[in-house]
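Everything on this sheet refers to the single structure shown next.
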There are 2 protein chains.
Amino acid sequence: MRIGQLARSVGVDTQTIRFYEREGLLPPPDRQDNGYRIYTERHVERLAFIRRCRILELSLAEIHELQRYQGAPHQPCRAINTLLDDHLAHVRSRITDLQVLEKQLTSLRASCNDDRDIGACGVLEGLSEESMQQ
Amino acid sequence: MRIGQLARSVGVDTQTIRFYEREGLLPPPDRQDNGYRIYTERHVERLAFIRRCRILELSLAEIHELQRYQGAPHQPCRAINTLLDDHLAHVRSRITDLQVLEKQLTSLRASCNDDRDIGACGVLEGLSEESMQQ
DNA sequence: ATTGACCTTATAGTTACTATATAGTTTTAA
DNA sequence: TTAAAACTATATAGTAACTATAAGGTCAAT
């Protein structure tokens with residue numbers, strides 16, 4: 001199949017597919033005489049794997065690492081679990097950070113109503129106060 | 001004061017200060033004869049304002065917008081509140097997304113223990129399954 | 001013959017810095 | 001006094017993961 005069909009069947013842009021190829025995440029496919037890329041079922045699976053990892057917000061570097069592990073199926077899989085644990089820790093820490101942020105923003109927002117002048121805006125005052133350091 | 005002292009007093013890098021100047025967030029200061037930038041108290045406040053906004057993860061574009069509002073203190077402040085509401089909505093939506101992610105990752109992680117071969121790794125299998133689409 | 005849909009490469013833009021290179025200036029210590 | 005350390009300046013490239021744009025070649029159908 002050509003790049004457009006691969007793109008549609010996995011749900012990514014053709015540009016992204018070429019980008020993954022350049023980055024070494026997707027093996028370079030054969031070409032037709034006219035230079036068009038020809039993909040196989042194996043490419044579909046490989047790209048779908050990348051897609052699933054990206055949905056989980058794994059980085060391309062992490063995906064690369066996972067692909068290296070896939071090439072050595074008789075090694076112990078601890079490294080894979082560790083990679084996932086690290087990513088999970090990162091996601092959890094980000095959630096915590098954003099929850100703190102949400103509280104700060106909510107409290108800042110509560111310090112103003114819509115019908116003041118900018119010169120008296122509680123939000124702007126809050127942002128201008130030294131107390132709002134961290 | 002010179003750039004290094006401004007940087008230390010607000011807690012940003014000197015490079016970042018020059019970057020903000022190029023981006024139009026910080027007004028270009030006067031220069032000494034040798035070309036060194038000379039900052040005043042007003043610059044300290046302006047930079048501290050930017051810093052506080054950045055801690056709340058407002059974008060530079062949003063900070064720019066806030067600065068424009070500051071220049072017109074007799075306009076109604078509704079636009080400022082709207083800007084904050086939009087940002088808050090964005091933060092909340094990101095939290096929700098990450099919480100979904102966290103659940104998916106936790107469940108994927110639970111499908112493996114540390115002492116298998118990569119060929120039997122539950123995590124890798126989970127990532128390779130079509131069911132893990134979205 | 002030309003329109004439209006597809007494919008190709010190369011290059012630049014996005015965000016908010018951060019790092020590097022190269023060089024001039026000021027301050028401090030020997 | 002001189003030499004090193006610390007500071008300043010500019011310019012340019014790198015980061016992450018695409019996304020957009022430009023300029024052009026290919027193919028099927030009208």
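Throughout, protein chains are lettered first and strands after them, A, B, ... in sequence-line order, and every chain is numbered starting at 1. All values derive from a computational prediction rather than experimental measurement.
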### Query
Is the shortest side-chain N to carboxylate O distance from B:Arg94 to A:Glu57 below 4.0 Å?
yes

### Query
Which of these nucleotides, D:dT8, C:dA16, C:dC7, is closest to any side-chain atom of A:Thr14?
C:dC7

### Set of residues satisfying side-chain contact (heavy atoms from CB on, under 4.5 Å) with respect to B:Arg37, sequence neighbours excluded
B:Ile3, B:Arg18, B:Glu21, B:Pro29, B:Arg31, B:Tyr39

## Note on the structure
Picking from C:dT8, C:dT26, C:dC17, the nucleotide nearest the side-chain atoms of B:Asn34 would be C:dT26

### Task
Grab the CG-C1' distance between A:Leu25 and D:dA16 for me, whole Å please.
12 Å

### Task
Could you tell me the separation between the CD atom of B:Glu21 and the P atom of D:dT8, rounded to a whole number of Å?
14 Å

### Query
NA contact type, B:Arg31, heavy-atom cut-off 4.0 Å: base, sugar-phosphate, or nothing?
sugar-phosphate

### Task
May I have the distance from A:Tyr20 (atom OH) to D:dT19 (atom P), rounded to whole angstrom?
8 Å

### Task
Establish, from distance only, whether the side-chain atoms of B:Asp13 and B:Gln15 form a donor-acceptor pair under 3.5 Å.
no

### Task
Report the distance from atom CE of B:Met1 to atom C1' of D:dC7, rounded to the nearest whole Å.
16 Å

### Message
Checking A:His90 against A:Ser93: is there a side-chain donor and acceptor pair closer than 3.5 Å?
### Response
no

#### Entry: Base of C:dA19 paired with side chain of B:Gln15 (donor-acceptor, under 3.5 Å)
yes

### Query
Between C:dC17, D:dC18, D:dC7, which one does the side chain of B:Arg2 approach most closely?
D:dC7

### Message
How many whole angstroms separate atom OH of B:Tyr36 from atom P of D:dA6?
### Response
15 Å

### Query
For the pair made of CG in B:Leu47 and P in C:dC17, what is the distance, rounded to whole Å?
11 Å

### Task
Mind checking B:Arg37 for me? I need base, sugar-phosphate or nothing, with any heavy atom below 4.0 Å counting as a touch.
sugar-phosphate

